[in-house]
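Model, not experiment: these values are computed from the prediction. Read the numbers this way: they start at 1 and go in the same order the structure lists the ligands and their atoms.
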Amino acid sequence: MVSSKKQRVLIVDDIAENIRMLIETLKSEYATIPATSGEIAIEKANTDPLPDLILLDILMPGMDGYAVCAALKANPRTQDIPVIFITAVSEAMDEERAFKAGAVDYITKPFVPAVVKARVQVHLELKLKNDLLQRLAHIDGLTNIYNRRKFNELLDEEWKRTQRSRSPLALMMIDVDYFKNYNDFYGHTAGDDCLRRVARCLDQTLQRPPDTVARYGGEEFVVIMPETNGQGAQYVAEMLRKSIEELQIPHEASCCCGHVTISIGLAVAIPEVQIGTPRELVDVADRLLYEAKAQGRNQLHFTDLSKN
Ligand SMILES: Nc1nc2c(ncn2[C@@H]2O[C@H](COP(=O)(O)OP(=O)(O)OP(=O)(O)O)[C@@H](O)[C@H]2O)c(=O)[nH]1
C-alpha cells in the first residue's frame with residue numbers, strides 16, 4: 001500500500017531553472033512539488049499528505065535554508081521529514097551547521113543528475129523503512145487501528161492542546177459485552193473477526209478527523225474527541241453504540257441481546273480545570289463503563305465535568 005503511491009519530494013530553490021532541472025531529474029520516479037521561497041516551502045511542507053523528502057536550497061532571499069529547516073524541525077508534524085540541503089560549491093558550505101540544523105545530507109551545485117537521484121533514492125528508502133517501523137509501533141496488528149501506545153501519545157498531546165485552549169476533551173472507554181461467551185460459543189477465530197468488525201465500524205462511524213479510536217487491549221476500545229462538549233460527545237457515543245447494534249453480528253451467548261453490543265463510559269472535562277491528569281480522565285470513563293456494565297450493558301454512562 002505504502003509503496004504503490006509515488007513518494008513526494010518538495011524542491012525549494014529561489015531560482016526557477018534549478019527547480020526545473022531537479023524536477024527533470026526526479027519526475028520519472030517521484031511526485032515533485034516546487035517552492036520558490038522559504039516561506040512557501042513551510043506552507044507546502046505542512047500539507048496532507050506530507051512530503052517524504054525536502055531538497056532545500058540554503059541561500060535564498062527572505063528565509064534561508066537554515067531558518068526553514070529550523071522551522072520544520074520545530075513543528076511536530078514536519079519534524080521527521082528528511083531534509084537534504086542544496087548549496088553551490090562556490091558558497092563556503094558549513095557542513096557542520098547543516099547537520100546541526102537537522103539535515104540528513106547535502107548536495108552541491110552544479111548538479112550531477114545521477115548523484116542527485118542516487119542520494120534522493122537512499123534517503124527515500126530509509127524514509128519508507130522508518131514509516132513502516134512507526135506504523136508497526138503504533139498500529140494494532142489484529143484490528144488495524146491505533147494501539148494503546150499511540151493512544152497514550154495522542155491523549156498526552158490533546159491534553160496539552162485542550163489545556164492551552166481551555167476547551168473540553170471527551171474520552172470514551174468501550175467494551176464488547178459478554179465477549180468471553182462469544183469466544184466460548186463461536187471460537188477464538190470468530191472472536192478475532194468480530195473484534196475486527198467492531199473496530200472498523202467504530203473507526204468509520206467517527207466523522208471528525210481529530211476524533212480517534214484505538215484498541216485499548218483485549219475487547220476494549222477507547223475514543224478521544226478533542227474540543228468536544230458534553231452534548232456533542234454524548235451524541236457521538238450514542239451513534240457508536242447504535243452503529244454496533246446495527247451490524248447485527250449474531251451473539252447467541254449474550255445475556256442481554258441476540259447480537260453483539262457494546263457498553264460505553266464517557267467522561268468530558270477541561271484538562272487541569274476539572275481533572276488533573278490524563279490518567280484520571282481514563283479512570284473516570286472506566287468507572288462509568290463499569291456502571292454501564294452493571295446496569296445491564298448495551299448502554300452509555302456519561303458525565304460532563306466541564307459543566308460544573
Ligand atoms: N478472540 C479474541 N478474544 C479476545 C482477544 N482479547 C481478549 N479476548 C477475550 O475477551 C474476553 C473478555 O472477557 P471478560 O473480560 O470476562 O468480559 P466479557 O465476557 O466481555 O463480559 P462483560 O465485559 O462483563 O460484558 C476474554 O475471554 C478474552 O480472552 C482477542 O484478541 N481475540
So that I can tick it off, tell me whether [Y] and [X] are bridged by a salt bridge, with the cut-off set at under 4.0 angstrom between side-chain N and carboxylate O.
X      : Y      : answer
Glu246 : Lys242 : no
Arg119 : Asp105 : yes
Glu96  : Lys100 : yes

Specify the protein heavy atom at minimum distance from [atom]: its residue, its atom name, and the distance to 0.1 Å.
atom                    : value
atom 22 (P) of ligand 1 : Lys293 NZ, 3.4 Å
atom 15 (O) of ligand 1 : Glu219 OE2, 3.5 Å
atom 2 (C) of ligand 1  : Asp192 OD1, 3.2 Å
atom 20 (O) of ligand 1 : Phe179 N, 2.6 Å
atom 19 (O) of ligand 1 : Lys180 N, 2.7 Å

Between Asp184, Asn183, Leu289, flag the one that comes closest to atom 3 (N) of ligand 1 by a heavy atom.
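Selected option, by shortest heavy-atom distance: Asn183.
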Atoms of ligand 1 close to [X] [distance to a heavy atom under 4.0 angstrom, numbered from 1]:
X      : result
Gly191 : 1 (N)
Arg297 : 22 (P), 24 (O), 25 (O)
Val176 : 20 (O), 23 (O)
Gly218 : 6 (N), 7 (C)
His188 : 1 (N), 2 (C), 3 (N), 32 (N)
Arg215 : 5 (C), 6 (N), 30 (C), 31 (O)

Hey, is the main chain of Leu195 close enough, under 3.5 Å, to the side chain of Arg200 for a donor-acceptor pair?
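No, the answer is negative, given that no donor and acceptor are paired below the 3.5 Å cut-off.
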Side-chain H-bond candidate by donor/acceptor type, Asp177 with Thr261, under 3.5 Å:
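Judged by distance alone, the side chains do pair up.
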Take Gln234 and Glu238, measure what side chain to side chain donor-acceptor pair (under 3.5 Å) needs, and give me the verdict at the end.
CA-CA 6 Å; Gln234 206 177 350; Glu238 193 48 38; over 6 Å; no
If I apply the N/O under 3.5 Å rule, does Asp175 come out as touching ligand 1?
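Between Asp175 and ligand 1, an N or O pair is found under 3.5 Å apart.
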Side chain to side chain contact (heavy atoms under 4.5 Å, CB included) between Leu55 and Val12, intermediate numbers included
CA-CA 6 Å; Leu55 293 180; Val12 191; over 6 Å; no
Are Tyr146 and His138 near enough that their ring centres are under 6.0 Å apart?
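Not under 6.0 Å, so no.
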